[in-house]
Number of protein chains: 2
Amino acid sequence: MTPKPKQTATDKREIYYRDRVRQHGQRYRQFHLPSVEVLLNLAYTYNVTATRLARAIGKHGLSLSSFNLLMILSRSGSEGCPLHEIGELLLVSRANITGLVDSLERKGLVERVADKRDRRVRVARITRTGETLLESILPGHYLELRKICSGLNNAEKASLRDLLTKLRHSVQFSQNKKRPRKSKK
Amino acid sequence: MTPKPKQTATDKREIYYRDRVRQHGQRYRQFHLPSVEVLLNLAYTYNVTATRLARAIGKHGLSLSSFNLLMILSRSGSEGCPLHEIGELLLVSRANITGLVDSLERKGLVERVADKRDRRVRVARITRTGETLLESILPGHYLELRKICSGLNNAEKASLRDLLTKLRHSVQFSQNKKRPRKSKK
DNA sequence: GGTAAATAGTTAAGGCCCTAACTATATTTT
DNA sequence: AAAATATAGTTAGGGCCTTAACTATTTACC
């Protein structure tokens, strides 16, 4: 029943993780502290950053995904972009793209067009309204990105970028080595 | 109609981003290449990593969130953990915790207990079944974390951890400075 | 001590994301 | 050329996550 120092959530998180690391470090032979710390921090930092950006974009009535989709279409211009290609660029499933394009179409920001050369494909194209909206968002967005990173100098940013890239390649490389033989339907 | 070099999705992403960076770098005054690159890579790397881990955990019938919730309760032991505290540790809303605990309760991995001291709070407690499941997952999970990071040496891991922490603080700091005055409803 | 404000949890409605199954069209194989 | 396979998109169903509104309880204030 002491006065209770009024812990913040961040404190609680740190205590929790410290405890867990200590216990599991002893209990599990495969526990590797540097790896655990990297991935814990990756998730935590991404979460904080994405939430912050999503809120900013949300003020304009868009989700982060919709915003990124508009960015892709903005680059494609009047040619548009096949839906499956959007999925590859955004790293999400085709089914999800159908839904995202539906919702942007309802808002008049995007339109679907048939592709003449391949009748299976439909192309999404940004509308004039969509371009206008995007251009109204971008200056503030790029300012926000800059502010978010303002605690790191340029050398640190470059270093972080390179280490993230290296980690990503490590993930992808270690994935490809799974199941080296025995592929059975 | 050339033979078509059969681009991979990764290639397409790189071409797309290079293009965008070139165009927006010229068009928007606030565009800051190092910041953009850091955040692009943060999102991409997190996505790849989380997807990989979610698939591994999914083979045991759990989502990443459920798994992390079980980890928290495992540390709390027989005392259990109040639902709102779980939310703070996982960085998700209270409403979401209700749903996660519901689903784990249906699977018999967790139980809800009343708190004697404060009748508002309910405490979640891991069951024996839950502990058994968790212990069957953890060795493989820690091995997976280690493999994922195997492309980085320990110095690089430590450096990445520190830079991610610094970026996170930068995000949180620049957030607190918003709206320094004039709070209106 | 009684009211106002804060806190814990739930419910409801909606968005994003997934996989699996389905339709339509193209491509490859034989 | 016909059959088998692959690809593009959609639909259906479900999981995780959010905010807003609601109930119950506790704490703070006057």
Which of residues 102-115 of chain B have a heavy atom under 4.0 Å from DNA chain D?
none
Under-4.0 Å side-chain N/O to phosphate OP1/OP2 contact, A/His84 with D/dG9:
yes
Using side-chain heavy atoms (C-beta onward) and a distance below 4.5 Å, is A/Ile126 in contact with A/Leu109?
no
Ignoring hydrogens and geometry, is there a side-chain-to-backbone donor-acceptor pair from B/Asn47 to B/Ala43 under 3.5 Å?
no
Using whole Å, what does the distance between atom C1' of nucleotide C/dT10 and atom CZ of B/Arg122 come to?
10 Å
Any side-chain to backbone donor/acceptor pair from A/Lys157 onto B/Val38? Under 3.5 Å, distance only.
no
Approximate separation, where rounding is to 0.5 Å, of B/His84 NE2 and B/Arg120 CZ
9.0 Å
Using distance alone, with no hydrogens and no angle criterion, decide if A/Ser74 and B/Arg20 have a side-chain donor and acceptor under 3.5 Å apart.
no
Closest nucleotide among D/dG9, D/dC16, C/dC17 to the B/Leu100 side chain
D/dC16
Helical bend (five base pairs per end, nearest 10°) for the helix from C/dG1-D/dC30 to C/dT30-D/dA1:
20°
Using heavy atoms and a sub-4.0 Å distance, could you list which residues of residues 63-75 of chain A are near DNA chain C? By number, please.
A/Ser63, A/Ser65, A/Ser66
Separation of C/dC18 C1' from A/Leu90 CG (nearest whole Å)
15 Å
Listing request: all side-chain hydrogen bond (donor to acceptor under 3.5 Å, both in side chains) pairs with a residue in residues 89-98 of chain B, at least two apart in sequence or in separate chains.
none
Rounded off to whole Å, could you give me the CG-to-P distance for the B/Asn47 and D/dC16 pair?
18 Å
Which is true for B/Leu91 with a 4.0 Å heavy-atom rule: it touches a base, it touches only sugar-phosphate, or it touches nothing?
sugar-phosphate
Answer yes if the ring centres of B/Phe173 and B/His169 are under 6.0 angstrom apart, and no otherwise.
no
Does atom CZ of A/Arg112 have more than 12 heavy-atom neighbours, drawn from other residues, nucleotides or ligands, at distances under 6.0 Å?
yes
Find the distance B/Ile97:CD1 to C/dG9:P and express it as a whole number of Å.
10 Å
Side-chain donor-acceptor pairs of residues 129-141 of chain B under 3.5 Å, sequence neighbours excluded:
{"unit_1": "B/Glu131", "atom_1": "OE1", "unit_2": "B/Arg128", "atom_2": "NH1", "d": "2.8"}
{"unit_1": "B/Thr132", "atom_1": "OG1", "unit_2": "B/Arg128", "atom_2": "O", "d": "2.9"}
{"unit_1": "B/Ser136", "atom_1": "OG", "unit_2": "B/Leu133", "atom_2": "O", "d": "2.6"}

Atom-pair distance (CG on A/Leu83; C1' on D/dT11), nearest Å:
15 Å
What is the distance from atom CG of A/Leu163 to atom CG of B/Leu164, rounded to the nearest 0.5 Å?
8.5 Å
Roughly, in whole Å, what's the span from OH in A/Tyr46 to P in D/dC17?
12 Å
For a salt bridge (Lys or Arg N to Asp or Glu O under 4.0 Å) check, start with the C-alpha distance between A/Glu79 and A/Arg125, then their side-chain angles and the critical distance, and finish with the verdict.
CA-CA 7 Å; A/Glu79 267 194 42; A/Arg125 198 161 61 188; over 6 Å; no
Pair A/His32, B/Tyr142 - check ring pair (Phe, Tyr, Trp, His ring centres under 6.0 Å), show working.
CA-CA 7 Å; A/His32 186 239; B/Tyr142 282 124; over 10 Å; no
Kindly indicate whether a cation-pi arrangement holds for A/Arg75 with B/Tyr16, taking the cut-offs as under 6.0 Å to the six-membered ring centre and within 45° of the axis.
no
Distance col, row A/Asp162:CG vs A/Leu167:CG, nearest 0.5 angstrom, shows 12.5 Å
Tabulate atom names and distances for all N/O pairs under 3.5 angstrom spanning the protein and nucleotides 19-25 of chain C.
{"unit_1": "C/dT19", "atom_1": "OP1", "unit_2": "B/Arg55", "atom_2": "NH1", "d": "3.1"}

